[in-house]
Amino acid sequence: MRITYILAGVGLLVLAVMFLARSGVADTPEELERWGTWAAIVVALLEGANLLWERIPRRADAPAIDEDRIGRALTDLATQIEAEWAAEAARQEVTRPAPLLVRWSSTGRPAADRRYVLDDPLGGDWQHFPLSGKTTGEPNNEIVEAFRNLPHRQLMVLGRPGAGKTVFAMLLTLGLIGRRTAGEPVPVLLSIHLWDGAERLDDFVARRLAEDHCDVLAVHGDPPALARRLVKEKRILPILDGFDELPADSVAQAMTRLDQFAVTGWPLVVTCRSHEYDMAVERSRVLSRAAVVELASVDVEDAITYLSSPAPDPRWEPVFAHLRAHRDGPLAEAFSTPLMVALARSTYQAASTTDPVDLLEAAQTADGQRSVEARLVAAFVPAVYASPPRRRTSDQPQAADVDYQPEKAQRWLMFLARHMSEHGVQDVGWWELNPLIRTGFVTIAGALVALLTALLFTPVFGLATGLVMAALAGALTALVAFSTGGPPQSLHAEEPTPRSALARERARAISRGVWGGALIGVAIGLLLANVLGLRIWYAGLFVAVFGVVYALATALDHPWGSFLVARAWLGVTGRLPFRLPRFLDDAHQRGVLRQSGARHQFRHLMLQEYLAGGASPLSAAPPAATTSEQAAEERRPTPQQWWIRLCAVVVGLAFLTLSLLSIAPRAPIYRSGDQPTDITQVSCSSGAGNAHCSEYVVAYQWQVGPGGRVSTAFTFPTRQRVIQFRGVDGEFTLPPSSECANAVFEWQLTVDGRLWRSGGLFAAGSRLDAAQAAPPQAKTVAVSVRRTDTAPCTATLRWDRPSALYRGVIAGFGPWG
């Protein structure tokens, strides 16, 4: 247990002992009360500092890492990467039973001269000495052979949308790991769209390596430190997929960073769309030592072979006949990309009730190719969910498979795709769904705070004041939550899968809530109980409520806690399922989604755009990304936010002022017996052109004749039910202007029938300071006065500044008070 928790526990123990001692029947010294208050303050400050300390990012010093440890780390890393991408290839049916045959060769697009790429002194045009090959599933496939023969092992892979660039990178990764020898770098396939072009590429690779494979690296050392060393020593081969998905305004800078990274001798593979590559080269440069290859269109016979595996399906025969007869027709053009061929096989699998002959009808429309592609994309999700879920692989959680209704699954995926497209991202983590419930989150927070304030403080300050305080507290909470953006959404995902990230963050949130939030809540509850002087049963309620509320608030002020609220809200409204992690896992198993570290992304951008309701499922253009300047501008507070923060401060000050005024001493209220004359005073204040006046009692006055007696009973404000009674304050005086100023009185104060104070009154006043303990609770106080002098005049007795004293409310605040 950390030292802050030990200190907090000791402080709470000391405070609890003080509070229990003070709550006894016998009164205790004032020092106990004052130091008890400051003990609560210190505990609250300790816990607040502890929570802030947890939010400060810290980097642990990495232990010494020897060569043997690095070797074991590389072996374990290669094993994990191979297992993950082999499972992903199986889910996407890339390798079942064999990959779709796609040919590739050197491109006529801008590329570095052969003399720099192949160390060939003759140089020459790539068209005369092309690199070429085709995708196969064996570990010694042509992709691996061609890459290994490059002196600098740097490769740029181009292709049109859906041409199979990601599959090419996946097969290259598996092939290189399968044939890896001692001393060779481990290939790591990364999505490059998360890279900020202003960041050094080696820093990006090290950061992603530490995040995506933290569990493996942690066995051999500090993951960030170990990842930086592996990258620095060129033991990692980055395979960067999706260069075209970077923001358009950062492509030129990113290309320059790539070249600066590559010319120092780093091995490198990058995939990019052909058109975006041409634009990037025009604005920047080609990679100085990288070979550039381009993926060709899928041949008709290769598409037929892939669609006929693992066993021929008679329903496809009319389609195959049409393809062979019209090799340049719309249907053949649609099947010229691996994406569409793969979607076709997944959509019209054996268990599907749809018939691939429908594609012939779409091919005969005016816009045949686009109609076929649109139909394939539109039919993919319903067809996948119409079939039973696939069997989970050994690396997946052992949860029961669920048959989701196709229409519900499509609606949920459409909502998820719209959310991603609106935010200009192509992957999403479970913790990034929280902004979807910002309004609901703010409303719920404000309502709960208002309700708790009303329940806790109305018995203390009265109904009207308690309700006003509740309204102000709720409005303040809502304004602050709204101006700060609602629930948290940032998470440094250091887990390889969404499930593991969710499990770790759940443990962190619960730990913070129990050890951090509960302790500070108990401390604040004891502090308020001590300051207000609450009776022990009501103080216990205060402590329990504040402990639970702060524990929940601390947990909710965490990505996992706010995710629970988001999941419940989105589930109630039908936008996403209640068991969202299970649904995302199932979509991953069905091949609709794929995992990128702890995030999910759609199988292809086309599918995301179609589900998001784009104008065309073939637009295939990445969402417009925000530039660095625009992002900085968006983070800058707007005038509206400044007004909201100003209002929050004003409401907070008003709340504090009202609280201080509410705990001011109040005069006891006449109940029975000889009714005194009220001496009142009117206080007026003006604001907004209107004057507001209030009247309050400054003295009670009796007329007492020779030998006369007075007996008057007073009751107290409603707060005496929950606040400990300490006594009454004020002074018995004889007004100097009285004709009987030399009268002599004996007086007694009785609390609930028990004598509490007594004394005599002469020309000098008689203070009513509490000289002995009063009962913790008092319903009435009786003033009994007997005149003992023999003067024939009628004397005037006054009780100046009458007020009820409650423990803690007007006691000295602090050790010196």
Side-chain angles (χ1 to χ4, degrees), residues 88 90-94 96 161-162 166-167 307 315 334-335 337-356 358-359 361-362 370-392 396 401-422 425-428 430 433 498 570-571 574-596 599-620 623:
E88 189 68 28
R91 276 188 289 267
Q92 298 187 27
E93 299 190 348
V94 171
R96 196 179 71 169
T166 300
V167 172
L307 292 172
R315 298 178 303 164
F335 280 1
T337 62
L339 174 64
M340 290 301 153
V341 178
L343 290 181
R345 190 167 81 167
S346 299
T347 301
Y348 300 106
Q349 50 192 315
S352 175
T353 59
T354 56
D355 196 322
D358 297 340
L359 298 175
E361 179 184 349
R370 297 177 66 85
S371 297
V372 171
E373 293 173 336
R375 179 164 297 192
L376 287 173
V377 175
F380 173 67
V381 172
V384 167
Y385 280 93
S387 61
R390 299 173 185 171
R391 184 178 180 181
R392 295 179 181 270
Q396 295 297 314
D401 293 321
V402 180
D403 286 324
Y404 292 100
Q405 298 180 9
E407 58 275 10
K408 287 187 177 181
Q410 174 121 349
R411 183 174 73 247
W412 295 332
L413 290 170
M414 289 174 65
F415 175 79
L416 193 64
R418 284 196 299 269
H419 167 71
M420 296 166 66
S421 295
E422 288 171 359
V425 297
Q426 288 145 40
D427 54 8
V428 65
W430 51 263
L433 298 175
L570 296 173
R575 291 178 284 181
L576 286 173
F578 279 103
R579 303 193 67 175
L580 180 59
R582 186 176 67 177
F583 172 72
L584 295 177
D585 280 345
D586 181 81
H588 182 215
Q589 292 300 312
R590 295 176 188 265
V592 179
L593 301 177
R594 60 184 181 183
Q595 287 182 4
S596 176
R599 290 178 168 87
H600 281 101
Q601 56 186 210
F602 281 92
R603 175 173 181 165
H604 196 275
L605 185 58
M606 283 187 186
L607 181 60
Q608 175 185 329
E609 290 193 336
Y610 169 74
L611 291 172
S616 168
L618 304 176
S619 60

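Heavy-atom basis, side chains included; hydrogens, waters and symmetry copies ignored.
Closest approach of Ala409 and Tyr404 over heavy atoms only: CB-CB, 4.4 Å. When all heavy atoms are compared, the tightest approach of Pro338 to Gly162 is CD-O, 3.1 Å. For the residue pair Ser346 and Phe380, the shortest heavy atom distance occurs at CB-CE1, 3.6 Å. Of all the heavy atoms in His600 and Leu584, the pair that sits closest is CE1-CB, 3.7 Å. The two atoms that bring Pro382 and Gln410 nearest to each other are CD-OE1, 3.2 Å, heavy atoms only. Residues Asp358 and Arg375 come closest through the heavy atom pair O-NH1, 2.9 Å.
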Applying side chain to side chain contact (heavy atoms under 4.5 Å, CB included), run through Leu611 and Arg418 and close with a yes or a no.
-> CA-CA 7 Å; Leu611 291 172; Arg418 284 196 299 269; over 6 Å; no
Side chain to side chain contact (heavy atoms under 4.5 Å, CB included) between Arg590 and Asp586, intermediate numbers included | CA-CA 6 Å; Arg590 295 176 188 265; Asp586 181 81; 2.5 Å; yes
Could you go through the side chain to side chain contact (heavy atoms under 4.5 Å, CB included) check for Val381 and Leu607 one step at a time?
-> CA-CA 9 Å; Val381 172; Leu607 181 60; 4.2 Å; yes
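Taking CZ of Phe415 as the start and CE of Met420 as the end, the distance is 12.5 Å to the nearest 0.5 Å. Interatomic distance, Gln601 CD to His588 NE2, rounded to the nearest 0.5 Å: 9.5 Å. Distance CD/Glu609 to OG/Ser421: 6.5 Å, rounded to 0.5 Å. To the nearest 0.5 Å, atom NZ of residue Lys408 and atom CG of residue Leu576 are 13.0 Å apart. Considering OG1 of Thr166 and CZ of Arg603, their distance stands at 11.0 Å, rounded to 0.5 Å.
Inter-residue side-chain proximity for Leu359 and Leu376 is flagged as met; some heavy-atom pair is nearer than 4.5 Å. Here the side chains of Leu413 and Phe602 are in contact, with some heavy-atom distance below 4.5 Å. In this structure, Leu416 and Arg575 have side chains that are not in contact, with every pair of non-hydrogen atoms separated by 4.5 Å or more.
In this structure, Phe583 and Tyr385 have parallel ring planes: the angle between them is below the 30° cut-off, well short of the 60° mark.
Shown here is Glu407, whose CD atom has more than 12 heavy atoms of other residues, nucleotides or ligands within 6.0 Å.
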